[in-house]
Amino acid sequence: MTMIPDAPWIRDAELNGVPADDPIICPCCGAEAERFFFYNGGTDIIGCDSCIESKDAWEVEIEKEDRDYD
């Protein structure tokens, strides 16, 4: 049985490893992003997991009421 050698790019990857992907950067804050958040049906980016903060709706309502009393 004849041995067929691996393609050159396979041997290169085995010897040197595979280069890391470039990080994905948020267009709003410039940080490396894991997730993007959209509006307008998923066409416009409003931010990423680094620059968007999530709060419970009731928490925001209570904070708003507290500010109104000040």
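The model shown is predicted, which means the values in this text are computed figures rather than measured ones.
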List for me each residue that meets salt bridge (charged side-chain N to carboxylate O under 4.0 Å, His left out) alongside Glu32, sequence neighbours excluded, and say none if there are none. none
Which donor-acceptor pairs under 3.5 Å do the side chains of residues 2-28 make with protein atoms, sequence neighbours left out?
{"residue": "Arg11", "atom": "NH1", "partner": "Asp6", "partner atom": "O", "Å": "2.5"}
{"residue": "Asp12", "atom": "OD1", "partner": "Asn16", "partner atom": "ND2", "Å": "2.5"}

If you take all heavy atoms of Ile46 and Ile52, which pair is closest and at what distance? O-CD1, 3.7 Å
Side-chain donor-acceptor pairs under 3.5 Å in residues 53-62, sequence neighbours left out?
{"residue": "Lys55", "atom": "NZ", "partner": "Glu63", "partner atom": "OE1", "Å": "3.2"}
{"residue": "Lys55", "atom": "NZ", "partner": "Glu63", "partner atom": "OE2", "Å": "3.4"}
{"residue": "Asp56", "atom": "OD2", "partner": "Trp58", "partner atom": "N", "Å": "2.9"}
{"residue": "Asp56", "atom": "OD2", "partner": "Glu59", "partner atom": "N", "Å": "3.4"}

With sequence neighbours excluded, give me every side chain to side chain donor-acceptor pair (under 3.5 Å) pair touching residues 34-50. Asn40-Asp44
